[in-house]
Student: 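Below are the structure tokens for one structure; questions will follow.
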Amino acid sequence: MLDIRLFRENPDLVRDALRKRQVSPTMVDEILALDRQRRDLLRESEALKAERNRVSKEIGRSKDAADREAKIAAMRQVRERIAALDQALRETEARLHDALARVPNIPAAQVPEGRDEHDNVVLRQEGDQPQFDFTPLPHWELGPRLGIIDFERGVKLSGTRFYILKGAGARLERALIAWMLDLHREQGYTEIYPPFMVKEAVLFASGQLPKFRDNLYHDAEEDFWWVPTAEVPLTGMHMNETFAESDLPRYYTAYTPCFRREKMSAGRDVRGIKRGHQFDKVEMYIYTLPEASDQVLEKMLADAEQVLRDLGLTYRVVQLCTGDLGFAARLTYDLEVWAPGSNEWLEVSSVSNVGDFQARRANIRYRPEGGGKPRFVHTLNGSGLALPRTVIAILENYQQPDGSVVIPEVLRPYLGGLAMLRP
RNA sequence: GGAGGGAUGGCCGAGUGGACGAAGGCAACGGUCUUGAAAACCGUAGUGGGCUUUGCCCACCGGGGGUUCGAAUCCCUCUCCCUCCGCCA
């Protein structure tokens, strides 16, 4: 959520930001009109309330019965008018709040301008694309051959975009989660095991609602929403809290499954385990002082990169352009890992500085050391990493001519020493 | 699931219709005293919003709604916490 004052004081800055994001800037004028209307109603209502407060006190003190009756009658009228104004005010505020809640964050100045993902900028590549003296298979062939992925039975249970991991496949998934959490813990993050279902207010706080309702699963009878990412509970965890400055920064890491309806990508990536309705992810999340957030973003990026480096995988760092930036983000780096069997770069991590955008929605502040008004914190989030695509990369990069797959060294202690998957 | 009891400022805690944004205590901050500190004493202090911004006004006592000229206080409702009973991995 943006500060309404930004619209009043610098509407062109907001319009410009929306244009760069390929979003129509007409909402700016709508918001300014609602803001004007709100303040007009508020002024009128508050003036009447001041009068009511003043006269009511006089009524309490008055000894004159006739005087009291006259004032009570007059204030009855005032009450009616206040009620009508407040009703109009509530409606205006609801519309203003809803409009404001749908405005994306302002991109940071250094974000390259562009229409969509084709205009993202590859900053660097780490490692070379491996050469094979045979044709590398895609994971959707390797998995079933190794007996570790069962697509048919996943579909039998739950339909398209579901699969079963079996035997060493299930163990590999679990090993990756445990290893990533341990790595992040060593990097300074506190491990969190959050609820996988949260209230609507939490999804609003992190920015998923109201705009992305269609991509979420929710319980029909109760106020439960399945998390689409651990970023959601890790934001909501400190909702309506005020930190002491000395409490910051806070580094968190969490494993959760992520549940997404994927309505937007119907028919895309239907093969393999690249895009499912349920997938595992280890997430990093940081609360910082505003001044520190840009610097902390670089640490988070490095921490995510270490996962790929330790696995010995080839990846590239991509800076998202304005048109591809997520709703809440002001600056985002994607990490894409090379998958030789699928023959594509797979997004396994998205590392973002959100600024105060979520903090404002979630009302998360800190009190400056020297005293003074509470200020909003900055939040950052980054995957470290998304599991299925990491599994894809491991299977496809470490496959051997005979169809077996070598397990990366770092994972072997988590797999009882297992070094090789064999058909 | 049933019965009962709760939720007040940073913390504790008083307050059952009118000078209550809220006593008192603790903690915090500033000052006096002191070589320094402690103690003692004096003082300052909440959050958000509006405006014609040395200030004035509005709102906020778990959330929402209602009664009333006027609500922390009365009514309805929701959420959460505690106690007991039941059920349960």
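Residue numbering restarts at 1 for every chain, and letters A, B, ... go by the order of the sequence lines.
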Student: Nearest whole angstrom, please: distance from the C1' of B/G63 to the CG of A/Asp223.
Tutor: 13 Å
Student: If you count the non-hydrogen atoms of other residues, nucleotides and ligands that lie under 6.0 Å from CD in A/Glu298, is the total more than 12?
Tutor: yes
Student: Nearest whole Å is fine: how far is B/G49 P from A/Leu41 CG?
Tutor: 18 Å
Student: Please report the interatomic distance OG1(A/Thr92) to NE2(A/His97), rounded to the nearest 0.5 Å.
Tutor: 14.5 Å
Student: Taking the inter-plane angle between the rings of A/Phe162 and A/His277 on a 0 to 90° scale, is it parallel (under 30°), tilted (30 to 60°) or perpendicular (over 60°)?
Tutor: tilted
Student: In whole Å, measure the gap between the P atoms of B/U68 and B/C11 for me.
Tutor: 35 Å
Student: With a cut-off of less than 4.0 Å, is there a side-chain N or O of A/Lys373 near OP1 or OP2 of B/G48?
Tutor: yes
Student: Starting at the 5' end of RNA chain B, what dot-bracket string do you get if Watson-Crick and G-U pairs under 3.5 Å are bracketed, crossing pairs use [ ], other-strand pairs use | and unpaired bases use dots?
Tutor: ((((((((.[[[..)..(.....]]].(((((.......))))).((((((...)))))).[[[[[..)....]]]]])))))))....
Student: For the pair A/Leu32 and A/Val28, evaluate side chain to side chain contact (heavy atoms under 4.5 Å, CB included) and give the outcome as yes or no after the intermediate values.
Tutor: CA-CA 6 Å; A/Leu32 283 172; A/Val28 173; 4.1 Å; yes
Student: Please report, rounded to the nearest Å, how far the P atom of B/C78 is from the NZ atom of A/Lys199.
Tutor: 15 Å
Student: Look at all strands and tell whether A/Arg8 reaches a base, only sugar-phosphate, or nothing, counting heavy atoms closer than 4.0 Å.
Tutor: sugar-phosphate
Student: Choosing from B/G65, B/G18, B/U47, which nucleotide comes nearest the side chain of A/Ile59?
Tutor: B/G18
Student: Rounding to an integer number of Å, can you tell me how far A/Glu200 CD sits from B/G63 C1'?
Tutor: 15 Å
Student: Of all the nucleotides listed (B/G50, B/G48, B/C58), which has the minimum atom distance to the side chain of A/Arg365?
Tutor: B/G48
Student: When you compare B/G13 with B/A7, how far apart are their P atoms, in angstrom units rounded to a whole number?
Tutor: 10 Å
Student: Counting only side-chain N and O atoms of A/Arg76, is one of them less than 4.0 Å from OP1 or OP2 of B/U68?
Tutor: no
Student: Taking the same atom, P, in B/A39 and in B/A27, what whole-Å distance lies between them?
Tutor: 8 Å
Student: When all nucleic acid strands are considered with a 4.0 Å heavy-atom cut-off, which category describes A/Arg79: base, sugar-phosphate, or nothing?
Tutor: base
Student: Are A/Asp119 and A/Arg115 close enough for a salt bridge, meaning some N to O gap below 4.0 Å?
Tutor: no
Student: Should A/Arg5 be listed as having a side-chain N or O under 4.0 Å from OP1 or OP2 of B/G49?
Tutor: yes
Student: Taking the C1' atom of each, how far is B/G36 from B/G49, in whole Å?
Tutor: 46 Å
Student: Say you pick atom P in B/C80 and the same atom in B/C87; how far apart are they, in whole Å?
Tutor: 24 Å
Student: Tell me whether the OP1 or OP2 atom of B/G70 has a side-chain N or O from A/Lys57 closer than 4.0 Å.
Tutor: no
Student: In whole angstrom, give me the gap between the P atoms of B/G46 and B/G65.
Tutor: 27 Å
Student: A/Asn53 side chain: which of B/C51, B/A59, B/G18 is closest?
Tutor: B/A59
Student: Both A/Leu42 and A/Glu51 contact RNA chain B. Which one's nearest nucleotide lies toward the 5' end?
Tutor: A/Leu42
Student: Round to the nearest Å and state the distance from A/Arg38 atom CZ to B/G50 atom C1'.
Tutor: 8 Å
Student: Using the C1' atom in both, what is the distance from B/G6 to B/G62, to the nearest Å?
Tutor: 11 Å
Student: Pick out which of A/Met197, A/Glu200, A/His218 makes a side-chain contact (heavy atoms from CB on, under 4.5 Å) with A/Asp223.
Tutor: A/Glu200
Student: Would you mind reading off the distance between A/Ile364 atom CD1 and B/U47 atom P, rounded to a whole angstrom?
Tutor: 19 Å
Student: Is A/Lys49 touching bases, backbone alone, or none of the nucleic acid, heavy atoms closer than 4.0 Å?
Tutor: sugar-phosphate
Student: How many Å lie between CD1 on A/Ile82 and P on B/C57, as a whole number?
Tutor: 16 Å
Student: So, does A/Arg365 use its side chain to make a donor-acceptor pair with the main chain of A/Thr242 at under 3.5 Å?
Tutor: no
Student: To the nearest Å, how far apart are A/Asn240 CG and B/G10 C1'?
Tutor: 16 Å
Student: State which of B/A59, B/C58, B/G48 makes the closest approach to the side chain of A/Arg52.
Tutor: B/A59
Student: Report yes if a side-chain nitrogen or oxygen of A/Arg43 is closer than 4.0 Å to either non-bridging phosphate oxygen (OP1 or OP2) of B/C51; otherwise report no.
Tutor: yes
Student: Spell out, as yes or no, whether a donor-acceptor pair under 3.5 Å connects the side chain of A/Arg389 to the backbone of A/Lys274.
Tutor: yes
Student: 5'-most contact on RNA chain B: A/Ile72 or A/Arg367, nearest heavy atom basis?
Tutor: A/Arg367
Student: For B/A72 and B/C61, measure between their C1' atoms and round to the nearest Å.
Tutor: 5 Å
Student: Look at the side chain of A/Arg367 and the backbone N and O of A/Lys373, then say whether any donor-acceptor pair between them is shorter than 3.5 Å.
Tutor: no
